[in-house]
Amino acid sequence: MVPLSQRALASLGLAAAALCCRGERSFSGARTAPPPPAAAVPSAGPRIEDFVGAERCGACHARAYAAWRRSTHGRAGGPPGPDLLIAPFDGRPIRFQDAVVTPSRGGDGRYRFTVAQRGHGARVFRVDGVIGGGHMMGGGTQGFVTRYPDGSLRFLPFEFIRREGVWFCNTNSRLNRGWVPITPDLALAQCGDWPPARLVGDVPRYAHCQGCHGSQIDVRFDAGAGRFVSRYTSLAINCESCHGPGRRHVELAAAGRLAGAADIGLPALDTLDADGSMAVCFRCHALKDELAPGFLPGKPFQEHYALNFPQLGARPLFPDGRVRRFAYQENQRASDCYLSGSMKCVDCHDPHSQGYRDVTGAPLAGPLADRQCTGCHAAKAEPAGAHAHHRADSPGSRCVACHMPYLQEPEIGRTLRYARADHTVAIPRPGFDDSLGVGSACRSCHGDKPVDVLATAVRTWYGGLKPHATIVTGLLAAERVTDRARAAALLLAPGVRHPLAQFAALAQFFQRFLDVDMTVVEGDAVGRLERLARDGDVDVRSLALASLHLARGDETRVRRFLAERLAAQGADERAVRQRWVVALGFKADVYAARRDWSRAIATYRRALEVLPDDARVQLRLGIAYTGAGRPADALAHYRNSLAADSAQPLVHVNWGIALEAQDDTAGAAAAFRRAIALDPGEPLGHFDLGALLLVENRPADAIGPLRRAAALDPSLAAVHFNLARAYALVAAYPEAAAELRAGLEFDPANAEARQALERLERALSHAH
C-alpha cells in the first residue's frame, strides 16, 4: 500500500478512504497461464483467413448443412433480429434499485439498451450480437454483446431466461447469490458484468468466454493503434468450429483432387478415438485452463488448454465427478460408460442436427429415449420396466431419469432454473448423494419421501450397489485426513485409468500436503509421484512433475529425475512445460495472497527454471519482490518480462510502483505514462499516475488521469475514492461527494468512505 497525502483531509475523514492497493490490483486475478515466451510458442496453425464459413460447406454438403442450420449450434447466436431474439425489445423498462434500463428497437432498426442511472448521464449500448436462443431443456438463456470503443466485444449484464420469462444478471462476483432476476431491490453495480468487462474471445487481461460463444473468434491488441482488433466468422457454432479450417479442402475440391485421395484437407473426425473425439466437443463443452491465447480449430488443443487444471483450486467437481459448483459435460470422463466402454459424445448426439441417436447412429425421438442406453445395455431393455422398478409407461422407467437426471448447477443458485443432464451417468445413491449436497435422481421425483426410505427401496431392488472406484473412495476419505503419509496412500494412485479423479486427488495432495523446499517428504509419496510422472495423461504427469519440483526441487536425485522425464516427453514437451508452470504459478499465487513473499519468490523462481522467459511469471515474480520490499530486484524481472513480451502495459504500471518505492517519483511517472502510451484504454496506468500526483501534493494535476481511469473502469472503487480526495483538496466538495457515492456503489462495505461522505454531506448542507 502506498500512503497518499493526508494534508488538510483529516477533518473530512477522507484520509482513510483511498485504500489504494495498487501492486495487487495490477495484474489479472484469473488463474490462467500467460501467453508463453518464444521458447514455448504453440505450434504454427491455421490463420483466421483459412476459414471459409458454413455457406461454402453447404454448397457441397447440403444435407449436413440443412441439419446444422436447424440445430442449436446453427441458431446459437448472430446479429439481433426477430428470428433470433427471445427477449423483448419493446420499450418496457427493466427496473433496478438505482437505474432503469430500456431495451428497445430504434427507427433505424438497431437494437439497444438505454441505461438511466441515478447520478449518471444516460448511456446507450448498441446490441451488436446475440448469444444463445434459450434452447437448452434445463434452462435456456440469451445474452447480448456490444462493441466497445476500444475495439473489443463485451457482454452486457442484462440477460433473458426463456423458462421464467424474466431479465436477470449474474451476481456471483459481487453478492455471491448466483443468477437473480432484475428487480427494484437490486442495484446495478451488484451485477458482476457491470460495467461491461467480460470479452468475447480470449484476452488474458480480462474475464472472457474463450472462443466458445462464436466461431473462429480472433482478438488481438494492436499496440500501434492502442486498441483491440476483434474478428469472428459467426456468433453461431459453424462447421469449421469442429472440422477445422476449410480453405484447403475447398481448394482441393475445386481442383477435382478429392476422389480417392488420402488427404482431403480436413481431419477425419469419424476415425478419432474416444479422447480425440471428445476433445473436439470439449473445446467448448468443458471447463479448462487456458495455457496460451489464440486457439483456433486446427491448432493442437493441448497446447492451448489444460482440461483437468480447473480442479486445482476451484474444485468444480465432487470426487465422483458430479458438479460441485459449475461445469459443462466434461464429467462424462467420470462415467463408467467412458472409463469401461470409451463412450464418446457423438455416440448419443448427432453432431450436425444436435438430435439424439443410438450407438449405431439410428436417430431417436429425443433426450429421454432409452435406446441411448439399451443400444449397449440390451439386457436392461426387457422386460419393460423390470430393471427400473417403475411402470413401463412412467417417467421413472426412463434410463436417463435415474442415471442422467437434470441437476441444478449450484453456482447458479436456486432462483432461476439452470439444470443440466448429469453426464457422470451415475448410479442413484440416496443418502450418499444427499451427504454431498447433490439432489439424487430419486429425490427429483420423490422429494416428499425421507432419504432413508428411498435408500431402503434402492437396496431392496438392487442389493449392494456397485462400489465407487478406489481413487474416488480415496478422495472422499482424504477430506478428513491430516497425516501426509496416509494422504499419499489415499490420493496418489499410479496406474489407475481415471484421469479426472486421478488429477483431482493429486491436486488435493499438491495443495494440502506439499510446500516449497520441504525438508522431508516420505519415500512412498516420492515414489508414487515419480510413477505418476510417467502417467499417460499429460495433465496428471505435469502436475506430478510440478509436485516433485516444488517440494524437493533442491535435491540432486530429484532434479536428475525431472530432467530425464522432461527429455522423454518428445512432442509433448511444450504442453508439459506449460502445465508445470501453471501448477507452480498457482502455488506461488497462494503464497503471495498470504503475503508469504519468501515462499512466493522461491516458487516463482522454480517456475522460471521450467520456462525461463515466461513473461507472466517474470511479472509475478517482480510483484512478489515489490511486496517483499526489494524493488531493485523487482525491476530486473520487469525488464525480463518486457524482453519476452513488450506489449504489456501492466508491467510498466508495476515498474512505476517499484520506482515509487525507491522514491524515484519522476521515473515512476514516466513508467505510468509508458503504460498509458502503450494502451490508452488500460485504467490502471491512469489510476497510478493520478495517485502518484496526489502523493506529490498535486491534486489539480491528479484529477485528469483519475477521471480517465474512472471513465475506463467505473467499478474501481479506489479510483473514485482517490478522485474524491483530489477534488476535496481543490475545494470541489460537491464533486468529491459525487465520487464517494460512485465508489460506494462498488464498495458499499467501505465504512471509512461512507463516514467521509456523511461528514462531507453535513458540511455541504451547513454551507447552504
SB check [X] [Y] (cutoff 4.0 Å):
X    : Y    : value
R616 : D614 : no
D434 : R429 : no
R577 : E573 : yes
R283 : E240 : no
D336 : K466 : yes

Legend entry - Heavy-atom neighbours of R443 CZ exceed 12 at 6.0 Å: yes
Inset, instruction - Would you indicate whether D270, at its atom CG, is surrounded by more than 12 heavy atoms from other residues, nucleotides or ligands within a distance under 6.0 Å? - result: no
Inset, instruction - I would like to know whether D218 and R47 meet salt bridge (charged side-chain N to carboxylate O under 4.0 Å, His left out); could you show each step before the answer? - result: CA-CA 9 Å; D218 181 61; R47 302 164 301 159; over 6 Å; no
May I ask you to establish whether [X] and [Y] are in a cation-pi arrangement, using a distance under 6.0 Å from NZ or CZ to the six-membered ring centre and at most 45° from the ring axis?
X    : Y    : answer
R154 : Y206 : yes
R198 : F155 : yes
R512 : F510 : no
R497 : Y338 : yes

Short side-chain donor-acceptor distance under 3.5 Å, [Y] and [X]:
X    : Y    : result
Q569 : R541 : yes
Y406 : D422 : no
Q511 : K587 : no
N308 : E330 : no
S241 : S215 : yes

Inset, instruction - Could you pull out all residues at least two apart from H73 that satisfy side chain to side chain contact (heavy atoms under 4.5 Å, CB included)? - result: W68, S71, I237, H285, Q354
Legend entry - Ring geometry between F301 and Y305 (parallel below 30°, tilted from 30 to 60°, perpendicular above 60°): tilted
Legend entry - Plane angle bin for H352 and H243 - parallel if under 30°, tilted between 30 and 60°, otherwise perpendicular: parallel
Inset, instruction - Considering non-hydrogen atoms only, spot the tightest contact between A544 and L506 and give its length. - result: N-CD2, 3.6 Å
Legend entry - Stepwise side-chain hydrogen bond (donor to acceptor under 3.5 Å, both in side chains) check, Q332 with K344: CA-CA 9 Å; Q332 178 183 328; K344 306 185 290 291; over 6 Å; no
Beyond-backbone contact of [X] with [Y], side-chain heavy atoms, under 4.5 angstrom:
X    : Y    : value
H304 : L291 : no
N170 : I412 : no
F282 : R333 : yes

When the ring centroid of [X] is compared with that of [Y], is the distance short of 6.0 Å?
X    : Y    : answer
F160 : F168 : no
F503 : F309 : yes
F432 : H468 : yes

Nearest 0.5 Å, what's the [atom1]-[atom2] distance between [X] and [Y]?
X    : Y    : atom1 : atom2 : value
T424 : Q329 : OG1   : CD    : 12.0 Å
I427 : C402 : CD1   : SG    : 11.5 Å
L475 : H498 : CG    : NE2   : 9.0 Å

Inset, instruction - Measure the distance from the SG of C212 to the SG of C284 and say whether it is below 2.5 Å. - result: no
Legend entry - Check: V346 main-chain N/O paired with R357 side-chain donor or acceptor under 3.5 Å: yes
Legend entry - Residue pair R420, E409: steps toward the salt bridge (charged side-chain N to carboxylate O under 4.0 Å, His left out) verdict: CA-CA 7 Å; R420 294 296 180 260; E409 302 267 298; over 6 Å; no
Inset, instruction - Report the residues that fulfil side-chain hydrogen bond (donor to acceptor under 3.5 Å, both in side chains) with Q142, sequence neighbours left out, ordered by chain and then residue number. - result: none
Inset, instruction - Could you please spell out the steps behind the salt bridge (charged side-chain N to carboxylate O under 4.0 Å, His left out) verdict for R315 and E479? - result: CA-CA 13 Å; R315 298 180 68 193; E479 298 278 0; 2.5 Å; yes
